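Computation of the quantities below employed the complete heavy-atom set of this structure, encompassing side-chain atoms and omitting hydrogens, waters and symmetry-equivalent molecules. In this text, all values refer to a predicted model and were calculated from it rather than measured experimentally.
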Amino acid sequence: MRQKYNVFTSALILYMVFIVNIFAQNTLSKDEVRFDLDGNGQLSTGENDLMTRILRIERDSGVQFSQREIREIRDGQRNRFNQSRGGGRSGRSRGSRTPIGPRLNPEQVQFKDGAATISDRETFKKLSYQGTDVRIDTQLIGIEYVKFQVENTNTKNPQLYFMNTKTHRSHGSFMQAVGLSRGQGQMRGVLSFRPLSISPNGESGVYTFEFNPNDAFSFTQIKMVHDLLVEKMPILKNRLGYCPLWGAIGIYKREKALYDAAEFSVYFEDDLYANIGFLPLNLAESYGILRMLEVDERPTPRDIVICKTLPNDMPRVAGIITGVRQTPLSHVNLRAIQDKVPNAFINKAWESERIKPLIGKYVYYKVNHDGFEIREATEKEVEEHFADIRPVDNQTPKRNLSVRKGLPLDDITFSDSSSFGVKTANVATLRTFDFPDGTVPDGFGVPFYFYDEFMKHNNFYSKAEVILNDEDFHNSHDKKIAELKKFRKEIEQGEMPNWMVAALGDIQKSFPNDTSLRCRSSTNNEDLPGFSGAGLYDSFTHNPDEGHLSKSIKQVYASLWNFRAFEARDFYRIDHFKTAMGVLIHPNFKDEVANGVAVTDDVVYQTIGNYYLNTQVGENLVTNPEEQSIPEEILLDWNDSSIYRVVSTSNLTPDNERILTDKFLRELRMYLTRIHNNFSHLYTNDALSDDFAMEIEFKITKDGKISIKQARPWVR
């Protein structure tokens, strides 16, 4: 009898567990059920992170993955770069269709369906598609392309059809419209425009043609298609190259001698990233005076500057052209983004026939995805432009002076940014993300209250008012620079109240005696969503032999009144007297192996599902690079650190060695995922926001560990 009871009880318990599991599963949303990979009715932390990332990919690409595909992504079996915007791989149309009309020759095809020839760039644009609605061909997202089809390739008279790719995304749809049937002697390909690469004739922009990833055609067939494309689209001459995808690599290697002797170039996917003569960093348009910027020269907000090298210090300008490649994460480009001005790398811009004659004149300058526009402008156009873009109303940054003492970072929360500055609050918040010890520095935050009391104690606000009320100060560029420099010197020599000296002394004593301390600016006018303020203010290292910490704190305070920061606030009508300086204090890094910046989205090449990483060796900062410094660029898959693309290697490493080894990529992927997910909820309450990304600055210490020193919203 007892045995029967036990059997019955066990069966009842199993049934109840089954019902509970069913109920739990029913509490998941339709999307969440796809990511419940272990089928336990709830999402683990890993499953939730995976869902966040993949839903973003799905939103960007317009496709939806099955649970099987999600498992493959999780297990690293699916190469996400096959679906990148820069990948250049073309998908095979599904099935075959029966033509609905008579077979048309290329010359008989109406333009709404395609064309027999493409006479110029404008016609290519009219036939091309660029966007996210690419059906199954998700690898073409963001690329400007025209699909084509070659018929009768096994005869002496092959026929080339250019598809109107705005009308027909797939070859099957086009074939049905023009009466083509599947059969022998057909080659279906994609003609893509790569605006960032330099063509063999030296012009910006390369056209490449490629076929389905698993197609493998002979050199004779490839040359036939090349010659047909050039014949029917003459602007391709000396600008067209063949891009063999993975299925064609074997036959390419066997016939390499033929390709080496051919009149056309071969581009592998990585070549299309590396051979860049034009790089649009910030897409915008502006007016101003076009000037060559000399070393140590200060531009004005109305200058469009040409820089032969990348300047470390850039005040507000109307537009930027550099003759060396920039990192998108440099302070120069971040300034361009926040100021909404055009910025591009243009190889030897000062020698360009389009640019050189305009130096010293008023110009209109616009940076596009695929090139730039520049022309002479009138003074009236310039004046109207600046009247339109400058804010009409004064702006007052949020400043909370109620916190009256310095606090350890572990006592500062995300919501304390109005008292300590966003930089300090975000570093403090990073310490709550359960990273390994030492990943985020420990330290203190000095609140705005200290700065305000210091300024009042020395009557510096009144002195600033006298300076700003002088008309000559605003009318003379040179006087503005000189007066601000003099005022900063006074601040650095100012007297601190005794209570402040004691409070800062206590913070200094909390660190070991031989510790060098990094005193970093943390204002209410930087690191904000929509305004990064990158590079506006200065940070200083306080060494053990420099005495009291107040020396370096006053230097940070003085930087609030440097020229570039003043100009930025003045243009945006931000109240100088309500702008406040806090200070983030932590042990200084020295002898680091590398410095880097990462963004939780690919903000440069616009691939989907990748982090963008910039790294340089030693103390050579990515944000303020030394002359001719080329950092390492890597696109890292959101979900699998073994999937990455090295876009460029550092020019400071021997034999092109990679700075970020597999170990560092694994750690960074984990850190970036957690940073994006946590901050997206804090800033937007929406982890899937299309516009949200986080930017971090990190170091690889002399001990070989990653340390994250800053996190801020990426300004789009």
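Within 6.0 Å of the CG atom in D545, the count of heavy atoms belonging to other residues, nucleotides or ligands exceeds 12. Atom CG of D703 has more than 12 heavy atoms from other residues, nucleotides or ligands within 6.0 Å. Around the NZ atom of K590, the shell of radius 6.0 Å holds no more than 12 heavy atoms that belong to other residues, nucleotides or ligands.
In this structure a side-chain-to-backbone donor-acceptor pair under 3.5 Å is present from S650 to L652. The main-chain N or O of P512 is found under 3.5 Å from a side-chain atom of T515 such that the two form a donor-acceptor pair. For D601 (side chain) and Y612 (main-chain N/O), no donor-acceptor pair under 3.5 Å exists by modelled atom type. For the pair S522 (side chain) and T424 (backbone), a donor-acceptor distance under 3.5 Å is present. Between the side chain of W638 and the main chain of N610, a donor-acceptor pair closer than 3.5 Å is present. A distance-only check finds a donor-acceptor pair linking the side chain of T653 to the backbone of E657 [under 3.5 Å].
For the residue pair D640/S642, the side-chain donor-acceptor check at 3.5 Å is satisfied. With no hydrogens or angles considered, no side-chain donor-acceptor pair links S521 and T523 at under 3.5 Å. No side-chain N or O of N588 forms a donor-acceptor pair with one of S516 less than 3.5 Å apart. Side-chain contact of N426 with T429: a donor-acceptor pair under 3.5 Å is absent, judged by distance alone.
Minimum interatomic distance between D434 and R674 (heavy atoms only, all atoms of both residues): O-NH1, 3.3 Å. Across L560 and A565, no two heavy atoms sit closer than the pair O-CB, 4.0 Å. Residues A425 and T413 come closest through the heavy atom pair CB-O, 3.7 Å. Nearest heavy atom pair, residue Y451 against residue M581, reads CB-O, 3.2 Å. Of all heavy-atom pairs spanning G323 and F345, the tightest one is O-CE1, 3.4 Å. The minimum heavy-atom distance linking F448 with K398 is given by the pair CE1-O, 4.5 Å.
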**OP:** Report the C-alpha separation of H586 and F511 in whole Å, then their side-chain angles, then the decisive distance to 0.1 Å, and conclude whether the ring pair (Phe, Tyr, Trp, His ring centres under 6.0 Å) test is met.
**Re:** CA-CA 9 Å; H586 59 70; F511 296 95; 9.0 Å; no

**OP:** Determine, step by step, whether R645 and E633 satisfy the salt bridge (charged side-chain N to carboxylate O under 4.0 Å, His left out) criterion, reporting the C-alpha distance in whole Å, the side-chain angles of both residues, the deciding distance to 0.1 Å, and the verdict.
**Re:** CA-CA 8 Å; R645 180 195 296 275; E633 287 182 276; over 6 Å; no

Subject >> side chain to side chain contact (heavy atoms under 4.5 Å, CB included) between N525 and R569, intermediate numbers included >> reply: CA-CA 9 Å; N525 185 223; R569 292 196 304 269; 3.4 Å; yes

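Test F435, F664, Y611, F433 against Y671 for ring pair (Phe, Tyr, Trp, His ring centres under 6.0 Å) and you get one pass: F435. Screening N595, V597, N651 for a side-chain contact (heavy atoms from CB on, under 4.5 Å) with Q616, the sole residue that qualifies is N651. S552 pairs with exactly one of H542, R518, Q508 by the side chain to side chain donor-acceptor pair (under 3.5 Å) rule, that one being H542. If you run side-chain contact (heavy atoms from CB on, under 4.5 Å) between N333 and each of N343, V603, T322, only N343 comes through.
Side-chain atoms of V556 and D538, non-hydrogen and from C-beta on, never get closer than 4.5 Å to each other. Y449 has its side chain out of reach of V403: every pair of non-hydrogen atoms, C-beta onward, lies at least 4.5 Å apart. Counting only heavy atoms from C-beta outward, the side chains of L660 and L613 approach each other to under 4.5 Å. For the pair V446/I585, a side-chain contact is recorded, criterion being any heavy-atom separation below 4.5 Å from C-beta on. Using a 4.5 Å heavy-atom cutoff, the side chains of N524 and V422 are not in contact. Residues R520 and F540 are not in side-chain contact: their nearest non-hydrogen atoms beyond the backbone lie 4.5 Å or more apart. P397 has its side chain within reach of I574: a pair of non-hydrogen atoms, C-beta onward, lies under 4.5 Å apart. Using a 4.5 Å heavy-atom threshold, the side chains of I320 and V332 count as touching.
If you take NZ on K423 and CG on L584, they are separated by 7.5 Å, rounding to the nearest 0.5 Å. Atom OG1 of residue T673 and atom CG of residue N639 lie 7.0 Å apart, to the nearest 0.5 angstrom. Here K348 contributes atom NZ and K308 contributes atom NZ; the two are 10.5 Å apart, rounded to the nearest 0.5 Å. Note: D602 CG to L635 CG = 5.0 Å, rounded to the nearest 0.5 Å. Of the inter-residue distances, the one linking R564 atom CZ with I481 atom CD1 reads 12.5 Å to the nearest 0.5 angstrom. L279 contributes atom CG, which lies 11.5 Å from atom CG of N347 (distance to the nearest 0.5 angstrom).
Remark: T649 engages V646, N656 in a side chain to side chain contact (heavy atoms under 4.5 Å, CB included) (not counting sequence neighbours). For F566, the ring pair (Phe, Tyr, Trp, His ring centres under 6.0 Å) criterion is met by F473, H576, not counting sequence neighbours. Shown here are the salt bridge (charged side-chain N to carboxylate O under 4.0 Å, His left out) partners of E632, two or more places apart in sequence or in another chain: there are none. Every side chain to side chain contact (heavy atoms under 4.5 Å, CB included) that A428 has, sequence neighbours left out, goes to L409, I412. For K551, the side-chain hydrogen bond (donor to acceptor under 3.5 Å, both in side chains) criterion is met by E546, not counting sequence neighbours. Legend: residues meeting ring pair (Phe, Tyr, Trp, His ring centres under 6.0 Å) with F454, ordered by chain and number and at least two apart, are F460, Y557. Taking V341 as the reference, R316, A336, D339 meet the side chain to side chain contact (heavy atoms under 4.5 Å, CB included) condition, with sequence neighbours excluded. Annotation: side chain to side chain contact (heavy atoms under 4.5 Å, CB included) contacts of K405 (sequence neighbours excluded): L407.
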Tell me which donor-acceptor pairs under 3.5 Å the side chains of residues 484-504 have, and how far apart each pair is, sequence neighbours excluded?
residue, atom, partner, partner atom, Å
R488, NH1, W561, O, 3.3
E490, OE1, K463, NZ, 3.3
E495, OE1, H457, NE2, 3.1

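A ring-ring contact (aromatic ring centres under 6.0 Å, His included) check over residues 693-713, counting only residues at least two apart or in different chains, returns nothing. The list of salt bridge (Lys or Arg N to Asp or Glu O under 4.0 Å) pairs with a residue in residues 498-512, not counting sequence neighbours, is empty. Sequence neighbours left out, the pairs with a member in residues 438-453 that pass salt bridge (Lys or Arg N to Asp or Glu O under 4.0 Å) are R399-D452, R431-D442, D452-K456, E453-K456.
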